[in-house]
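Below is one structure, written out as C-alpha coordinates; the observations come after it.
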Amino acid sequence: MLDKRFILENAEAVQQNCDHRGVKADVARFVELETQCRALRQEVEELSRQANQVSKSIGNAKDDAEREERKEEGRRLREEKDGKQQEIDRLDAEAGAIYRSMPNLTHPESPIGDEASSKELSRGGTEVRRFGFPVQDHVELAGQHDLVDFEGGGRIAGHGFYFLKNEAVLLELALQQFTLELLMGEGFVPTITPDLARGDIVAGVGFIPRGPETQIYSIENFDLNLVATAEITLGGLYAGEVLDADDLPIKLCGISHCFRTEAGAAGRASRGLYRVHQFTKVEMFAFTKPEESEAVHQQFRDLECRIFDALGIPYRVIDIATGDLGGPAYRKFDLEAWMPGRGEADEFGEVTSASNCTDYQARRLDIRYKTKGEKGTSYVHTLNGTAVAISRAMIAILENYQQADGTILVPDVLRRWVGKDRIGSTG
RNA sequence: GGACGGGUGGCAGAGUGGUCGAAUGCACCGGUCUUGAAAACCGGCGAUGGGCAACCAUCCGGGGGUUCGAAUCCCUCCCCGUCCGCCA
(Lines give C-alpha, C1' and ligand atoms only; values in the text may rest on other atoms or scores of the structure.)
Protein backbone atom coordinates (compact mmCIF):
# COMPACT_ATOMS: atom_id res chain seq x y z
CA MET A 1 0.00 0.00 0.00
CA LEU A 2 1.10 3.51 -0.75
CA ASP A 3 0.49 6.44 1.56
CA LYS A 4 -2.90 7.82 0.55
CA ARG A 5 -1.88 11.37 1.27
CA PHE A 6 1.16 10.92 -0.94
CA ILE A 7 -1.05 9.74 -3.80
CA LEU A 8 -3.35 12.73 -3.45
CA GLU A 9 -0.44 15.15 -3.51
CA ASN A 10 1.54 13.38 -6.25
CA ALA A 11 -1.14 11.93 -8.48
CA GLU A 12 0.79 12.48 -11.72
CA ALA A 13 3.98 10.89 -10.47
CA VAL A 14 2.02 7.93 -9.12
CA GLN A 15 0.24 7.50 -12.45
CA GLN A 16 3.56 7.58 -14.28
CA ASN A 17 4.96 4.99 -11.89
CA CYS A 18 1.97 2.71 -12.57
CA ASP A 19 2.53 3.16 -16.29
CA HIS A 20 6.21 2.27 -16.01
CA ARG A 21 5.29 -0.83 -14.14
CA GLY A 22 2.68 -1.88 -16.64
CA VAL A 23 -0.12 -1.57 -14.10
CA LYS A 24 -3.46 -0.20 -15.22
CA ALA A 25 -4.67 2.06 -12.42
CA ASP A 26 -6.79 5.17 -12.80
CA VAL A 27 -5.09 7.42 -10.29
CA ALA A 28 -7.18 10.46 -11.20
CA ARG A 29 -10.36 8.49 -10.51
CA PHE A 30 -8.94 7.41 -7.16
CA VAL A 31 -8.19 11.02 -6.24
CA GLU A 32 -11.72 12.03 -7.19
CA LEU A 33 -13.31 9.26 -5.11
CA GLU A 34 -11.04 9.90 -2.17
CA THR A 35 -11.85 13.61 -2.21
CA GLN A 36 -15.57 12.86 -2.21
CA CYS A 37 -15.12 10.42 0.67
CA ARG A 38 -13.25 12.99 2.71
CA ALA A 39 -16.08 15.48 2.39
CA LEU A 40 -18.67 12.86 3.31
CA ARG A 41 -16.65 11.77 6.31
CA GLN A 42 -16.79 15.32 7.62
CA GLU A 43 -20.56 15.21 7.35
CA VAL A 44 -20.70 11.86 9.12
CA GLU A 45 -18.54 13.24 11.91
CA GLU A 46 -20.84 16.16 12.35
CA LEU A 47 -23.90 13.88 12.47
CA SER A 48 -22.15 11.65 15.02
CA ARG A 49 -21.44 14.66 17.15
CA GLN A 50 -25.05 15.78 17.05
CA ALA A 51 -26.38 12.31 17.77
CA ASN A 52 -24.03 11.92 20.74
CA GLN A 53 -25.21 15.23 22.09
CA VAL A 54 -28.83 14.17 21.84
CA SER A 55 -28.12 10.87 23.59
CA LYS A 56 -26.37 12.62 26.44
CA SER A 57 -29.23 15.05 26.85
CA ILE A 58 -31.81 12.31 27.37
CA GLY A 59 -30.81 11.84 31.00
CA ASN A 60 -32.02 15.31 31.96
CA ALA A 61 -35.20 15.41 29.93
CA LYS A 62 -37.97 16.85 32.07
CA ASP A 63 -40.70 14.34 31.17
CA ASP A 64 -41.50 11.25 29.12
CA ALA A 65 -42.78 13.25 26.19
CA GLU A 66 -39.51 15.14 25.86
CA ARG A 67 -37.59 11.92 26.33
CA GLU A 68 -39.46 10.28 23.46
CA GLU A 69 -39.00 13.32 21.30
CA ARG A 70 -35.25 13.23 21.81
CA LYS A 71 -35.08 9.50 21.18
CA GLU A 72 -36.79 10.13 17.89
CA GLU A 73 -34.31 12.90 17.10
CA GLY A 74 -31.46 10.51 17.91
CA ARG A 75 -32.90 7.83 15.68
CA ARG A 76 -33.27 10.30 12.84
CA LEU A 77 -29.68 11.53 13.13
CA ARG A 78 -28.26 8.00 13.25
CA GLU A 79 -30.31 7.01 10.25
CA GLU A 80 -29.02 9.97 8.27
CA LYS A 81 -25.51 9.14 9.36
CA ASP A 82 -25.88 5.50 8.32
CA GLY A 83 -27.12 6.59 4.90
CA LYS A 84 -24.08 8.75 4.35
CA GLN A 85 -21.84 6.03 5.71
CA GLN A 86 -23.21 3.60 3.14
CA GLU A 87 -22.45 6.16 0.44
CA ILE A 88 -18.89 6.34 1.76
CA ASP A 89 -18.61 2.57 1.81
CA ARG A 90 -19.71 2.42 -1.81
CA LEU A 91 -17.23 5.03 -3.00
CA ASP A 92 -14.58 3.53 -0.78
CA ALA A 93 -15.02 0.10 -2.33
CA GLU A 94 -14.31 1.51 -5.77
CA ALA A 95 -11.42 3.64 -4.51
CA GLY A 96 -10.06 0.65 -2.57
CA ALA A 97 -9.94 -1.53 -5.67
CA ILE A 98 -7.84 1.08 -7.45
CA TYR A 99 -5.75 1.67 -4.35
CA ARG A 100 -4.92 -2.00 -3.88
CA SER A 101 -3.91 -2.34 -7.50
CA MET A 102 -1.31 0.42 -7.23
CA PRO A 103 2.20 -0.97 -6.97
CA ASN A 104 4.95 0.41 -4.77
CA LEU A 105 7.02 3.38 -5.88
CA THR A 106 10.18 2.54 -7.75
CA HIS A 107 13.86 3.12 -7.06
CA PRO A 108 15.20 5.86 -9.34
CA GLU A 109 17.93 3.56 -10.64
CA SER A 110 15.64 0.67 -11.59
CA PRO A 111 15.70 0.33 -15.37
CA ILE A 112 12.45 1.49 -16.93
CA GLY A 113 10.80 -0.90 -19.33
CA ASP A 114 9.71 -4.50 -19.67
CA GLU A 115 11.59 -7.67 -18.76
CA ALA A 116 14.09 -7.15 -21.59
CA SER A 117 15.19 -3.85 -20.05
CA SER A 118 16.48 -5.49 -16.89
CA LYS A 119 20.12 -4.68 -16.50
CA GLU A 120 23.05 -6.92 -15.68
CA LEU A 121 24.97 -5.33 -12.81
CA SER A 122 27.80 -7.77 -12.26
CA ARG A 123 29.06 -11.33 -12.55
CA GLY A 124 30.01 -13.78 -9.86
CA GLY A 125 33.58 -14.75 -8.99
CA THR A 126 33.44 -18.16 -10.64
CA GLU A 127 34.24 -18.34 -14.35
CA VAL A 128 31.83 -20.15 -16.64
CA ARG A 129 33.37 -23.53 -17.26
CA ARG A 130 34.27 -24.93 -20.68
CA PHE A 131 33.33 -28.58 -20.82
CA GLY A 132 35.40 -30.86 -22.99
CA PHE A 133 32.57 -33.39 -23.20
CA PRO A 134 28.85 -33.48 -23.99
CA VAL A 135 26.97 -31.70 -21.19
CA GLN A 136 24.09 -33.47 -19.48
CA ASP A 137 21.22 -31.63 -17.87
CA HIS A 138 20.27 -32.20 -14.24
CA VAL A 139 17.42 -34.55 -15.12
CA GLU A 140 19.81 -36.90 -16.92
CA LEU A 141 22.37 -36.61 -14.14
CA ALA A 142 19.76 -37.22 -11.46
CA GLY A 143 18.54 -40.28 -13.33
CA GLN A 144 22.02 -41.65 -13.72
CA HIS A 145 22.74 -41.39 -10.00
CA ASP A 146 19.22 -42.08 -8.70
CA LEU A 147 18.95 -38.68 -7.06
CA VAL A 148 15.39 -37.64 -7.91
CA ASP A 149 12.28 -39.75 -8.47
CA PHE A 150 9.98 -37.68 -10.65
CA GLU A 151 7.75 -40.64 -11.52
CA GLY A 152 7.18 -41.46 -7.87
CA GLY A 153 6.35 -37.85 -7.09
CA GLY A 154 3.95 -37.74 -10.00
CA ARG A 155 2.24 -40.91 -8.88
CA ILE A 156 1.50 -39.74 -5.36
CA ALA A 157 0.95 -36.00 -5.87
CA GLY A 158 1.01 -35.31 -9.59
CA HIS A 159 3.31 -33.65 -12.07
CA GLY A 160 5.64 -31.16 -10.44
CA PHE A 161 6.24 -33.23 -7.33
CA TYR A 162 9.22 -35.45 -6.77
CA PHE A 163 11.18 -37.46 -4.25
CA LEU A 164 14.72 -36.42 -3.53
CA LYS A 165 16.84 -39.51 -2.96
CA ASN A 166 20.29 -40.51 -1.83
CA GLU A 167 22.92 -37.76 -2.20
CA ALA A 168 20.25 -35.25 -3.26
CA VAL A 169 18.84 -35.49 0.25
CA LEU A 170 22.28 -34.92 1.72
CA LEU A 171 22.81 -32.01 -0.65
CA GLU A 172 19.56 -30.37 0.42
CA LEU A 173 20.41 -30.65 4.08
CA ALA A 174 23.98 -29.51 3.43
CA LEU A 175 22.76 -26.44 1.57
CA GLN A 176 20.51 -25.60 4.50
CA GLN A 177 23.30 -26.06 7.04
CA PHE A 178 25.85 -24.13 5.04
CA THR A 179 23.49 -21.22 4.43
CA LEU A 180 22.25 -21.10 7.99
CA GLU A 181 25.76 -21.05 9.38
CA LEU A 182 26.71 -18.18 7.11
CA LEU A 183 23.60 -16.15 7.91
CA MET A 184 23.86 -16.71 11.65
CA GLY A 185 27.38 -15.35 11.42
CA GLU A 186 25.86 -12.21 9.92
CA GLY A 187 23.43 -11.75 12.80
CA PHE A 188 20.35 -13.38 11.33
CA VAL A 189 18.09 -15.17 13.78
CA PRO A 190 17.41 -18.62 12.34
CA THR A 191 13.85 -19.90 12.25
CA ILE A 192 11.87 -22.77 10.83
CA THR A 193 8.53 -21.27 9.99
CA PRO A 194 5.04 -22.71 9.60
CA ASP A 195 4.39 -24.04 6.10
CA LEU A 196 0.80 -22.80 6.31
CA ALA A 197 -0.55 -19.33 6.92
CA ARG A 198 -3.92 -17.66 7.27
CA GLY A 199 -5.44 -15.84 4.33
CA ASP A 200 -5.06 -12.35 5.76
CA ILE A 201 -1.34 -12.86 6.28
CA VAL A 202 -0.88 -14.25 2.78
CA ALA A 203 -2.75 -11.28 1.32
CA GLY A 204 -0.94 -8.82 3.57
CA VAL A 205 2.42 -9.91 2.23
CA GLY A 206 1.08 -9.42 -1.27
CA PHE A 207 -0.04 -12.80 -2.54
CA ILE A 208 -3.55 -13.62 -3.66
CA PRO A 209 -4.65 -16.52 -1.46
CA ARG A 210 -7.62 -17.80 -3.46
CA GLY A 211 -9.20 -17.42 -6.85
CA PRO A 212 -8.50 -18.49 -10.41
CA GLU A 213 -5.08 -16.83 -10.89
CA THR A 214 -3.74 -17.74 -7.49
CA GLN A 215 -0.25 -19.12 -7.15
CA ILE A 216 -1.18 -20.39 -3.71
CA TYR A 217 -2.62 -23.72 -2.63
CA SER A 218 -5.33 -23.37 -0.03
CA ILE A 219 -6.81 -25.86 2.39
CA GLU A 220 -10.45 -26.70 1.97
CA ASN A 221 -12.72 -25.68 4.88
CA PHE A 222 -9.92 -23.79 6.61
CA ASP A 223 -8.64 -20.26 6.25
CA LEU A 224 -5.21 -21.74 5.69
CA ASN A 225 -2.86 -21.72 2.74
CA LEU A 226 0.37 -23.48 1.94
CA VAL A 227 3.05 -20.83 1.87
CA ALA A 228 4.78 -20.00 -1.40
CA THR A 229 7.79 -18.70 0.49
CA ALA A 230 8.84 -18.02 4.09
CA GLU A 231 8.55 -14.35 3.15
CA ILE A 232 4.88 -14.85 3.98
CA THR A 233 5.41 -16.23 7.46
CA LEU A 234 8.38 -14.02 8.35
CA GLY A 235 6.68 -10.90 7.04
CA GLY A 236 3.51 -11.77 8.90
CA LEU A 237 5.33 -12.45 12.14
CA TYR A 238 4.92 -8.90 13.45
CA ALA A 239 1.67 -8.00 11.68
CA GLY A 240 -0.25 -5.44 13.70
CA GLU A 241 2.66 -4.69 16.02
CA VAL A 242 4.59 -1.62 16.98
CA LEU A 243 8.28 -2.47 17.19
CA ASP A 244 10.85 -0.67 19.30
CA ALA A 245 13.21 1.40 17.15
CA ASP A 246 16.12 0.19 19.28
CA ASP A 247 15.46 -3.39 18.14
CA LEU A 248 15.78 -2.49 14.44
CA PRO A 249 16.96 -3.76 12.13
CA ILE A 250 15.49 -7.20 12.86
CA LYS A 251 17.07 -9.76 10.57
CA LEU A 252 15.57 -13.21 10.37
CA CYS A 253 16.12 -16.18 8.18
CA GLY A 254 13.55 -18.89 7.81
CA ILE A 255 13.52 -22.38 6.43
CA SER A 256 10.22 -23.42 4.96
CA HIS A 257 8.79 -25.62 2.31
CA CYS A 258 7.39 -23.58 -0.55
CA PHE A 259 4.32 -24.57 -2.49
CA ARG A 260 3.31 -23.01 -5.78
CA THR A 261 0.53 -23.93 -8.13
CA GLU A 262 2.48 -22.43 -11.06
CA ALA A 263 -0.87 -21.72 -12.69
CA GLY A 264 -0.39 -20.44 -16.20
CA ALA A 265 3.24 -21.46 -16.26
CA ALA A 266 2.74 -24.51 -18.45
CA GLY A 267 4.90 -24.54 -21.53
CA ARG A 268 7.64 -22.39 -20.12
CA ALA A 269 11.10 -23.78 -19.59
CA SER A 270 10.29 -26.04 -16.71
CA ARG A 271 12.05 -29.33 -17.14
CA GLY A 272 12.91 -31.35 -14.07
CA LEU A 273 13.42 -29.45 -10.86
CA TYR A 274 13.28 -25.99 -12.41
CA ARG A 275 9.59 -25.28 -11.97
CA VAL A 276 8.07 -27.50 -9.31
CA HIS A 277 5.11 -27.35 -6.95
CA GLN A 278 7.16 -27.90 -3.82
CA PHE A 279 10.69 -27.08 -2.77
CA THR A 280 12.61 -26.00 0.29
CA LYS A 281 14.02 -22.55 0.70
CA VAL A 282 16.07 -20.56 3.18
CA GLU A 283 14.75 -17.03 3.08
CA MET A 284 16.18 -13.84 4.53
CA PHE A 285 13.85 -11.20 5.88
CA ALA A 286 14.45 -7.84 7.55
CA PHE A 287 12.43 -5.17 9.30
CA THR A 288 14.32 -1.89 9.20
CA LYS A 289 14.02 1.82 9.74
CA PRO A 290 13.38 3.61 6.45
CA GLU A 291 16.87 5.07 6.26
CA GLU A 292 18.44 1.62 6.66
CA SER A 293 16.59 -0.32 4.02
CA GLU A 294 18.79 0.50 1.02
CA ALA A 295 21.89 -0.65 2.88
CA VAL A 296 20.21 -3.86 4.02
CA HIS A 297 19.04 -4.48 0.46
CA GLN A 298 22.65 -4.26 -0.73
CA GLN A 299 23.63 -6.58 2.11
CA PHE A 300 21.04 -9.14 1.04
CA ARG A 301 22.39 -9.04 -2.50
CA ASP A 302 25.97 -9.33 -1.27
CA LEU A 303 25.07 -12.33 0.90
CA GLU A 304 23.44 -14.05 -2.05
CA CYS A 305 26.60 -13.42 -4.05
CA ARG A 306 28.76 -14.77 -1.24
CA ILE A 307 26.68 -17.95 -1.07
CA PHE A 308 26.93 -18.66 -4.78
CA ASP A 309 30.60 -17.66 -4.93
CA ALA A 310 31.25 -20.08 -2.07
CA LEU A 311 29.35 -22.79 -3.92
CA GLY A 312 31.53 -22.09 -6.96
CA ILE A 313 28.62 -21.45 -9.29
CA PRO A 314 28.84 -18.76 -11.99
CA TYR A 315 26.05 -16.22 -11.94
CA ARG A 316 25.04 -12.74 -12.97
CA VAL A 317 23.26 -10.10 -10.92
CA ILE A 318 20.25 -8.45 -12.53
CA ASP A 319 18.63 -5.15 -11.62
CA ILE A 320 15.02 -5.94 -12.44
CA ALA A 321 13.21 -3.53 -14.76
CA THR A 322 10.06 -1.68 -13.70
CA GLY A 323 7.76 -3.76 -15.88
CA ASP A 324 8.89 -6.97 -14.22
CA LEU A 325 8.67 -5.88 -10.58
CA GLY A 326 6.01 -7.39 -8.35
CA GLY A 327 3.60 -5.00 -6.65
CA PRO A 328 5.36 -4.63 -3.29
CA ALA A 329 8.94 -4.29 -4.59
CA TYR A 330 10.61 -0.90 -4.74
CA ARG A 331 13.70 -2.44 -6.24
CA LYS A 332 14.65 -6.04 -6.94
CA PHE A 333 17.94 -7.81 -7.63
CA ASP A 334 17.95 -11.33 -9.03
CA LEU A 335 20.84 -13.74 -9.20
CA GLU A 336 20.78 -15.92 -12.25
CA ALA A 337 23.02 -18.94 -12.08
CA TRP A 338 24.64 -20.57 -15.02
CA MET A 339 22.90 -23.84 -15.74
CA PRO A 340 24.73 -25.41 -18.67
CA GLY A 341 22.09 -28.13 -19.07
CA ARG A 342 19.51 -25.59 -20.10
CA GLY A 343 21.17 -25.14 -23.48
CA GLU A 344 22.72 -22.32 -25.43
CA ALA A 345 19.74 -20.01 -25.62
CA ASP A 346 18.79 -19.80 -22.00
CA GLU A 347 21.68 -20.99 -19.91
CA PHE A 348 21.09 -18.63 -16.99
CA GLY A 349 18.27 -19.48 -14.60
CA GLU A 350 16.96 -17.42 -11.72
CA VAL A 351 18.14 -18.74 -8.37
CA THR A 352 17.60 -15.87 -5.94
CA SER A 353 15.70 -12.65 -5.67
CA ALA A 354 16.12 -9.81 -3.18
CA SER A 355 13.48 -7.12 -2.86
CA ASN A 356 13.26 -3.92 -0.92
CA CYS A 357 9.54 -3.45 -0.29
CA THR A 358 10.03 -0.17 1.63
CA ASP A 359 6.87 0.56 3.62
CA TYR A 360 4.47 -1.04 1.11
CA GLN A 361 4.08 -4.38 2.88
CA ALA A 362 4.38 -2.79 6.31
CA ARG A 363 1.44 -0.52 5.63
CA ARG A 364 -0.71 -3.45 4.54
CA LEU A 365 0.44 -5.65 7.43
CA ASP A 366 0.39 -2.70 9.84
CA ILE A 367 3.92 -3.07 11.15
CA ARG A 368 5.25 0.12 12.68
CA TYR A 369 8.05 1.21 14.93
CA LYS A 370 8.35 3.76 17.68
CA THR A 371 11.37 5.70 18.80
CA LYS A 372 11.66 6.24 22.54
CA GLY A 373 10.97 9.82 23.54
CA GLU A 374 9.34 10.66 20.22
CA LYS A 375 5.66 10.98 19.55
CA GLY A 376 3.93 8.79 17.02
CA THR A 377 4.87 5.75 15.02
CA SER A 378 6.16 5.14 11.51
CA TYR A 379 5.97 2.18 9.21
CA VAL A 380 9.02 -0.06 9.07
CA HIS A 381 10.60 -1.09 5.81
CA THR A 382 10.57 -4.76 4.92
CA LEU A 383 13.01 -6.66 2.77
CA ASN A 384 13.14 -10.22 1.60
CA GLY A 385 15.75 -12.21 -0.20
CA THR A 386 16.39 -15.77 -1.16
CA ALA A 387 19.41 -17.21 0.60
CA VAL A 388 19.04 -20.51 -1.17
CA ALA A 389 16.17 -22.12 -3.02
CA ILE A 390 17.20 -25.76 -2.84
CA SER A 391 15.73 -27.12 -6.05
CA ARG A 392 17.30 -24.51 -8.32
CA ALA A 393 20.59 -24.51 -6.42
CA MET A 394 20.58 -28.28 -6.86
CA ILE A 395 20.22 -27.90 -10.63
CA ALA A 396 23.14 -25.50 -10.73
CA ILE A 397 25.33 -27.77 -8.62
CA LEU A 398 24.60 -30.94 -10.56
CA GLU A 399 25.08 -29.31 -13.94
CA ASN A 400 28.17 -27.24 -13.09
CA TYR A 401 29.97 -29.95 -11.19
CA GLN A 402 29.46 -32.83 -13.64
CA GLN A 403 32.64 -34.55 -14.77
CA ALA A 404 33.71 -36.24 -17.98
CA ASP A 405 33.34 -39.66 -16.35
CA GLY A 406 29.73 -38.93 -15.36
CA THR A 407 30.43 -38.35 -11.68
CA ILE A 408 29.48 -35.12 -9.92
CA LEU A 409 31.83 -33.34 -7.57
CA VAL A 410 30.42 -32.00 -4.33
CA PRO A 411 31.22 -28.29 -3.81
CA ASP A 412 34.00 -27.90 -1.24
CA VAL A 413 31.91 -25.98 1.25
CA LEU A 414 29.25 -28.70 1.36
CA ARG A 415 31.52 -31.71 1.83
CA ARG A 416 31.47 -31.35 5.63
CA TRP A 417 27.77 -32.19 5.60
CA VAL A 418 27.46 -34.42 2.55
CA GLY A 419 30.22 -36.59 3.90
CA LYS A 420 31.80 -37.26 0.52
CA ASP A 421 33.44 -35.28 -2.23
CA ARG A 422 31.94 -36.98 -5.24
CA ILE A 423 28.60 -38.42 -6.33
CA GLY A 424 28.95 -41.62 -8.36
CA SER A 425 31.83 -43.96 -8.71
CA THR A 426 34.88 -43.22 -10.82
CA GLY A 427 35.54 -46.92 -11.23
C1' G B 1 -11.51 -32.63 19.34
C1' G B 2 -14.36 -31.64 24.39
C1' A B 3 -15.24 -28.58 28.97
C1' C B 4 -14.40 -24.21 31.49
C1' G B 5 -11.95 -19.34 31.95
C1' G B 6 -10.06 -15.18 29.38
C1' G B 7 -8.80 -11.18 25.31
C1' U B 8 -9.28 -3.51 28.02
C1' G B 9 -3.73 1.94 27.21
C1' G B 10 3.95 0.01 26.71
C1' C B 11 2.91 -3.86 30.74
C1' A B 12 -0.22 -5.49 34.84
C1' G B 13 -5.22 -4.92 35.98
C1' A B 14 -10.43 -2.56 37.49
C1' G B 15 -14.71 -1.60 34.94
C1' U B 16 -21.66 -5.59 33.40
C1' G B 17 -26.19 -0.04 29.59
C1' G B 18 -25.50 6.76 30.15
C1' U B 19 -20.04 12.78 31.59
C1' C B 20 -15.88 5.72 30.46
C1' G B 21 -11.28 7.00 26.43
C1' A B 22 -11.66 4.13 30.59
C1' A B 23 -9.89 3.52 38.03
C1' U B 24 -5.34 1.87 40.11
C1' G B 25 -0.20 0.13 40.03
C1' C B 26 4.32 -0.25 37.21
C1' A B 27 6.99 1.85 33.30
C1' C B 28 7.85 6.50 30.84
C1' C B 29 8.51 12.20 30.51
C1' G B 30 9.09 17.04 33.20
C1' G B 31 9.96 19.32 38.03
C1' U B 32 11.29 19.76 43.53
C1' C B 33 14.98 17.71 46.78
C1' U B 34 20.38 15.81 46.17
C1' U B 35 27.50 16.92 44.94
C1' G B 36 25.33 12.96 41.69
C1' A B 37 21.98 8.90 41.82
C1' A B 38 18.14 6.32 44.43
C1' A B 39 13.95 7.17 47.50
C1' A B 40 10.10 10.63 48.46
C1' C B 41 6.90 14.38 46.69
C1' C B 42 4.41 17.48 42.65
C1' G B 43 2.78 17.53 37.58
C1' G B 44 2.21 15.11 32.86
C1' C B 45 1.42 10.71 30.06
C1' G B 46 -2.98 5.85 24.92
C1' A B 47 -3.70 5.56 19.46
C1' U B 48 -5.62 7.17 14.67
C1' G B 49 -7.99 10.78 11.52
C1' G B 50 -9.62 16.16 10.73
C1' G B 51 -8.29 21.47 12.29
C1' C B 52 -3.39 26.89 13.03
C1' A B 53 -5.91 26.16 17.52
C1' A B 54 -9.78 25.56 21.01
C1' C B 55 -11.89 21.27 19.73
C1' C B 56 -14.32 17.19 17.12
C1' A B 57 -14.78 12.10 15.45
C1' U B 58 -13.28 6.98 15.78
C1' C B 59 -10.89 3.00 18.66
C1' C B 60 -11.74 -1.80 24.85
C1' G B 61 -9.48 -9.21 19.83
C1' G B 62 -12.27 -9.07 14.38
C1' G B 63 -17.17 -8.74 12.16
C1' G B 64 -22.48 -8.25 12.70
C1' G B 65 -26.86 -7.06 15.81
C1' U B 66 -30.11 -4.76 19.90
C1' U B 67 -30.62 0.48 21.88
C1' C B 68 -31.60 7.41 21.73
C1' G B 69 -26.94 5.52 23.91
C1' A B 70 -22.52 -0.55 24.20
C1' A B 71 -15.97 -1.95 26.90
C1' U B 72 -20.62 -3.53 29.26
C1' C B 73 -26.38 -7.19 26.34
C1' C B 74 -27.03 -10.81 21.89
C1' C B 75 -24.87 -13.61 17.50
C1' U B 76 -20.52 -15.13 15.04
C1' C B 77 -15.42 -15.78 13.98
C1' C B 78 -10.30 -15.61 15.67
C1' C B 79 -6.73 -15.96 19.43
C1' C B 80 -4.75 -17.12 24.49
C1' G B 81 -4.90 -20.01 29.19
C1' U B 82 -6.26 -24.41 32.22
C1' C B 83 -8.00 -29.40 32.49
C1' C B 84 -9.49 -33.83 29.66
C1' G B 85 -9.05 -36.76 25.17
C1' C B 86 -5.95 -38.06 20.97
C1' C B 87 -1.14 -38.24 19.05
C1' A B 88 4.92 -38.15 16.56
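Chain identifiers are assigned alphabetically (A, B, ...) following the order of the sequence lines, protein sequences preceding nucleic acid strands; residue numbering begins at 1 within each chain.
The CD atom of Glu68(A) sits 13 Å away from the P atom of U67(B) (whole-angstrom rounding). Whole-Å rounding puts the Ile201(A) CD1 to G62(B) P distance at 15 Å. Taking atom NZ on Lys81(A) and atom P on C56(B), their separation rounds to 17 Å, with Å as the unit. Remark: P of G65(B) and CD of Gln85(A) are 12 Å apart, rounded to the nearest angstrom. Distance CD (Glu79(A)) to P (U67(B)): 11 Å, rounded to an integer number of Å. For the pair Tyr369(A) OH and G10(B) P, the interatomic distance rounds to 18 Å; values are reported in whole Å. At whole-Å resolution of the value, CD in Glu72(A) and C1' in U67(B) are 13 Å apart. Rounded to an integer number of Å, the gap from Arg41(A) CZ to G50(B) P is 10 Å.
Among the protein residues, Glu73(A) comes within range of no part of the nucleic acid, since none of its heavy atoms lies under 4.0 Å from any strand. When heavy atoms are screened at a 4.0 angstrom cut-off, Arg198(A) is found touching the sugar-phosphate backbone but no base atom. Within the 4.0 angstrom heavy-atom criterion, only backbone atoms of the sugar-phosphate kind lie near Arg49(A); the bases stay farther away. Across all strands shown, Arg78(A) has heavy atoms under 4.0 Å from sugar-phosphate atoms exclusively, and none from any base.
C56(B) and G62(B) have their C1' atoms separated by 26 Å, with the value rounded to a whole Å. The gap from the P atom of G49(B) to that of G13(B) amounts to 30 Å, rounded to the nearest Å. To the nearest whole angstrom, the two C1' atoms, one in A27(B) and one in G10(B), are 7 Å apart. Taking atom C1' in both A70(B) and G17(B), one finds a spacing of 7 Å when rounded to whole Å. Taking the C1' atom of each, G6(B) and A71(B) are spaced 15 Å apart, rounded to whole Å. For the P atom pair drawn from A53(B) and G63(B), the interatomic distance equals 29 Å after rounding to whole Å. A37(B) and C29(B) have their P atoms separated by 13 Å, with the value rounded to a whole Å. Rounded to whole Å, the separation between the P atoms of C60(B) and C73(B) comes to 14 Å.
At U58(B), one or more side-chain N or O atoms of Asn52(A) fall inside 4.0 Å of OP1 or OP2 (strictly under the cut-off). Taking only side-chain nitrogens and oxygens, Arg75(A) never comes nearer than 4.0 Å to OP1 or OP2 of U67(B). Contact check, Arg5(A) against G50(B): a side-chain N or O comes under 4.0 Å of OP1 or OP2.
Using N1 to N3 plus N6-O4 or O6-N4 for Watson-Crick, or N1-O2 and O6-N3 for G-U wobble, each under 3.5 Å, A40(B) pairs with U32(B). Pairing for G1(B) goes to C84(B), judged as Watson-Crick or G-U wobble with the two contacts each under 3.5 Å.
Classification of the Phe287(A)-Tyr238(A) ring pair by plane angle, with boundaries at 30° and 60°, yields perpendicular. Note: Phe259(A) and Tyr217(A) have perpendicular aromatic rings, judged against thresholds of 30 and 60 degrees for the angle between ring planes.
A cation-pi arrangement is present between Lys4(A) and Tyr99(A) under the rule of less than 6.0 angstrom and at most 45 degrees off the ring axis. Remark: Arg392(A) is not positioned above the aromatic ring of Phe279(A), lacking an NZ or CZ atom under 6.0 angstrom from the ring centre and at most 45 degrees off the axis.
In this structure, the nucleotide among G69(B), U58(B), C78(B) sitting nearest to the side chain of Ser48(A) is U58(B). Listed candidates were U48(B), G50(B), C68(B). Nearest to the side chain of Arg368(A) is U48(B). The side chain of Ser55(A) sits closest to C68(B) out of G49(B), C68(B), G50(B).
Of the possible polar contacts, one joining the Thr322(A) side chain to the Gly113(A) backbone as a donor-acceptor pair under 3.5 Å is found.
Along RNA chain B, the nucleotide closest to Lys71(A) and the one closest to Glu46(A) are compared, and the more 5′ of them pairs with Glu46(A).
Side-chain contact between Ile7(A) and Phe30(A): present, with at least one pair of heavy atoms (C-beta onward) separated by less than 4.5 Å.
Annotation: the span from Glu231(A) atom CD to Ser256(A) atom OG amounts to 10.5 Å, rounded to 0.5 Å.
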